[in-house]
Amino acid sequence: MPEGFTILAGTANRPLATSVARLLGAALGRCTIERFPDGEVHVCIDESVRGLEVYIVQPTAPPVNDHLVELLIMADAARRASAAGVTAVIPYFGYARADKRSDCREAITARMVADLLQTAGVQHVVTIDLHTPQAEGFFRIPVDNLTAVPVLVAAVRNHLPDAPVVVAPDAGRVKMATAYAHDLGVELAVLHKRRESGTRTMITHLVGDVRHRGCLLVDDMISTGGTIAESARTLLAAGALPDMIACATHGLLLPGALRRMRAAGVRQLFVTDTVLVDSMDDASFVHAVPVAPLVATALRRLMADGSLLELREAGRG
Ligand code: R5P
């Protein structure tokens, strides 16, 4: 294992950072993160990082703004402490959904966050299942967009009914759903979703035959659970078998999300631990699949200038 690196954890998902460090044979670097009484963040790296490669593990999960600012401040602290390089490991990359302007005077937050990270001193980004992979183009620095599809496929495989159909809940997820269907060797169906608001979606079309079939609904992220719930209802109405399974890389699982999906007929949910999941009280419903081995493998290869091709979404065709 190469020496000359340290792993720092933000506060968004310390267990994940600890697991990654352990798999790399290291302990987490010492770093104090505090809030001033007025809410400002104060970061102090408590040991020398001069000449070291610094990997900061911080998903920008809710509360998104707090975790993003903390990451920026940690990167600035590492850069000013003469780190040889600063890599932001952002397993869940928030603000990625706004990657273009639609019909009003909006910000393109994915681009804005890319600019902020680079300004703060980040020289490399490692992330997982970026909402729109082309957002990599917003950066001038290398971005390695890994995919958790293989680990989720391995986790869900033995829970599926016979001859299931993988279902993409909207057009944006067709490529990801195709990867699931390919890896599982099953058929694909696609729903067309119209987003009415941040909390309300409407499914308008179903392409594919789901009659008398079990369904595996897949998505990159689950926030309110509205997309999966609405999709499950549509599939049941189209003749799919009950007891559906849902699978997503990032389980933001806002309050009410689990209840919403269960009420719509979802019986099991698989998410990774890119986002720290609080709702593990319902372990028979929610399965949390670890991504530390994927992240640690990627970092190990980065440190050795090795290829990440087959770990990346783009490398899987
Ligand atoms: C949207 O394009 C995303 O891929 C997800 O489908 C969406 O963000 C899920 O959000 P929610 O769970 O609130 O419907």
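Whatever order the structure lists them in is the order used to number ligands and atoms, beginning at 1. What you are looking at is a predicted structure, and each value in this text was computed from that prediction instead of being measured.
- Heavy atoms of Glu230 come nearer than 4.0 angstrom to ligand 1 in no pair at all.
- Of all atoms in ligand 1, numbered sequentially from 1 with element shown, those under 4.0 Å from a heavy atom of Gly225 are 11 (P), 12 (O), 13 (O).
- Looking only at atom types and distance, the side chain of Asn65 has a donor-acceptor partner in the side chain of Tyr95 under 3.5 Å away.
- Residue-level proximity to ligand 1 for Asp170 is carried by the side chain, the only part with a heavy atom below 4.0 angstrom.
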Donor-acceptor contacts, no H, no angles, side chain residues 14-24, under 3.5 Å, sequence neighbours left out:
from	atom 1	to	atom 2	distance (Å)
Thr18	OG1	Arg14	O	2.8
Ser19	OG	Pro15	O	3.0

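- Proximity of a side-chain donor or acceptor of Gln58 to a complementary backbone N or O of Ala12 within less than 3.5 Å is detected.
- A 4.5 Å side-chain heavy-atom check between Leu146 and Thr297 finds every atom pair outside the cut-off.
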All N/O donor-acceptor pairs, side-chain side in residues 153-164, below 3.5 Å, sequence neighbours left out:
from	atom 1	to	atom 2	distance (Å)
Arg157	NH2	Asp183	O	3.3
His159	ND1	Gln268	OE1	3.4

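- Closest heavy-atom approach to atom 3 (C) of ligand 1 among the candidates Asp220, Leu253, Thr132: Asp220.
- Remark: among candidates Thr227, Asp219, Leu254, Ile222, the nearest residue to atom 5 (C) of ligand 1 is Asp219, based on non-hydrogen atoms.
- Per-residue contacts place His131 under 4.0 angstrom from the following atoms of ligand 1 (heavy atoms of the residue considered): 1 (C), 2 (O), 3 (C), 4 (O).
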